[in-house]
Amino acid sequence: MKSTINKEFFYKPTLQLAKDLLGCHLVHITDDLVLSGRIVETEAYMGPGDRAAHSFQNRRTKRTEIMFHEPGLIYTYQMHTHTLINIVCGEIDSPEAVLIRALEPIEGIEKMMEFRKNQPISNLTNGPGKLTKALNITMSSYGKPSWLPPVYLTEGTKPEHISSGPRIGIDNSGEAKDYPWRFWITGNRFISR
DNA sequence: ATCATGATAGCCT
DNA sequence: GGCTATCATGATT
């Protein structure tokens with residue numbers, strides 16, 4: 001069992017945290033089930049100045065509210081038919097977040113296959129909507145701490161090398177679409193594309 | 001490559 | 001209350 005991350009871990013610049021989350025494990029534990037994966041791809045959303053961020057221009061609404069709170073909390077939101085999971089970053093009142101875009105399946109792979117309608121292992125968690133389905137993560141995690149069960153992070157194995165590039169799915173975000181704020185473990189086969 | 005899906009959010013009247 | 005868009009995915013052409 002990997003050791004749990006403590007909340008001090010989250011007090012660092014968001015771009016650094018986006019990289020430091022690579023290699024950590026995301027775990028969902030319930031009474032009779034452990035589902036986990038190693039984070040292999042993330043994206044940083046930099047708040048008021050980032051046109052791709054929900055909190056652009058400090059937009060503070062019911063949905064974005066949690067990003068104004070302490071780092072390490074879970075920000076989930078619904079996108080079409082999928083739930084996406086982010087980790088809140090930045091100091092209080094600095095509404096930044098890191099989106100978890102892909103995992104490498106670790107524990108509970110058989111069960112993940114059930115949740116993912118018998119997809120092959122290579123297609124279980126290689127996208128932000130897929131991984132929440134595989135780990136059975138829903139909107140009920142909104143605002144919960146990511147350093148405590150049931151949905152939490154643990155230390156994993158550090159990546160050997162990290163790559164970066166433009167974020168995905170934000171073509172309507174002006175100049176922000178080209179910022180290299182997507183990070184992934186170089187060569188990993190579970191990245192989203 | 002395009003399209004349907006369909007759950008809110010956010011913004012307008 | 002209506003309208004439009006969305007940090008995606010799976011199925012279809």
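Worth knowing before you read on, the calculation uses all heavy atoms, side chains too, and leaves out hydrogens, waters and symmetry mates. The model shown is predicted, which means the values in this text are computed figures rather than measured ones.
- As rounded to whole Å, 13 Å separates atom P of B:dA9 from atom CE of A:Met67.
- Map A:Asn172 and A:Leu131 each onto its nearest nucleotide of DNA chain C; the residue landing nearer the 5' end is A:Asn172.
- In this structure, A:His82 atom NE2 and C:dC7 atom C1' are separated by 12 Å, rounded to whole Å.
- Remark: C1' of C:dA5 and CZ of A:Phe56 are 16 Å apart, rounded to the nearest angstrom.
- Under the 3.5 Å distance criterion, with hydrogens and angles disregarded, no donor-acceptor pair is assigned to the side chains of A:Tyr152 and A:His28.
- No contact: A:Arg167 has no heavy atom under 4.0 Å from any strand.
- Here the nucleotide nearest the side chain of A:Tyr45, chosen from C:dT9, C:dC7, B:dA7, is C:dC7.
- Within the 4.0 angstrom heavy-atom criterion, no nucleotide atom of any strand lies near A:Arg60.
- At a threshold of 4.0 Å, the pair A:Lys62-A:Glu65 does not count as salt-bridged, since none of the basic side-chain nitrogens sits closer than that to a carboxylate oxygen.
- Residue order along DNA chain C, read from the 5' end via each residue's closest nucleotide, puts A:Gly169 first among A:Gln119 and A:Gly169.
- For the 3.5 Å distance criterion, the side chains of A:Arg59 and A:Thr64 fail to qualify, holding no donor opposite an acceptor.
- Residue A:Met79 contributes atom CE, which lies 14 Å from atom P of B:dT8 at whole-angstrom precision.
- The aromatic rings of A:Phe10 and A:Trp147 sit tilted, their planes meeting at an angle between 30° and 60°.
- The residue among A:Gln78 and A:Lys62 whose nearest nucleotide of DNA chain B lies closer to the 5′ end is A:Gln78.
- A straight line from CD of A:Gln57 to P of B:dG10 spans 14 Å, rounded to a whole angstrom.
- The shortest distance between the side-chain N/O atoms of A:Arg51 and the OP1/OP2 oxygens of C:dC7 is not below 4.0 Å.
- When heavy atoms are screened at a 4.0 angstrom cut-off, A:Lys130 is found touching the sugar-phosphate backbone but no base atom.
- Of all nucleotides present, none satisfies the Watson-Crick or G-U wobble test against B:dG6 with each distance under 3.5 Å.
- For A:Arg59, counting side-chain heavy atoms from C-beta on, the closest listed nucleotide (C:dC7, C:dT9, B:dG10) is B:dG10.
- Taking a centre distance below 5.5 Å and an interplanar angle below 30 degrees as the stacking criterion, A:Tyr77 does not stack against the six-membered base ring of C:dC7.
- When the C1' atom of C:dG10 is taken as reference, atom CZ of A:Phe115 falls 20 Å away, rounded to whole Å.
- Rounded to whole angstrom, the span from the CD1 atom of A:Ile168 across to the P atom of C:dA8 amounts to 8 Å.
- Of the candidates C:dT9, B:dG6, B:dA9, the closest approach to any side-chain atom of A:Arg63 belongs to B:dA9.
- At whole-Å resolution of the value, CG in A:Asp171 and P in B:dA1 are 13 Å apart.
- The phosphate of C:dC7 (OP1 or OP2) has a side-chain N or O of A:His54 nearer than 4.0 angstrom.
- For A:His80, taking side-chain heavy atoms from C-beta onward, the closest of the listed nucleotides C:dT6, C:dC7, C:dT9 is C:dT6.
- Residue contacts shown for A:Leu99 include a base, since a base heavy atom lies under 4.0 Å away.
- Side-chain N/O atoms of A:Arg38 and A:Thr157 include a donor and acceptor closer than 3.5 Å.
- Distances from the side chain of A:Thr61 to the nucleotides C:dT9, B:dA9, B:dG6 place B:dA9 closest.
- For A:Arg101 and C:dC7, the shortest distance from a side-chain N or O to OP1 or OP2 is not below 4.0 Å.
- Taking 4.0 Å as the cut-off between side-chain N and carboxylate O, A:Arg189 and A:Glu104 do not count as a salt-bridged pair.
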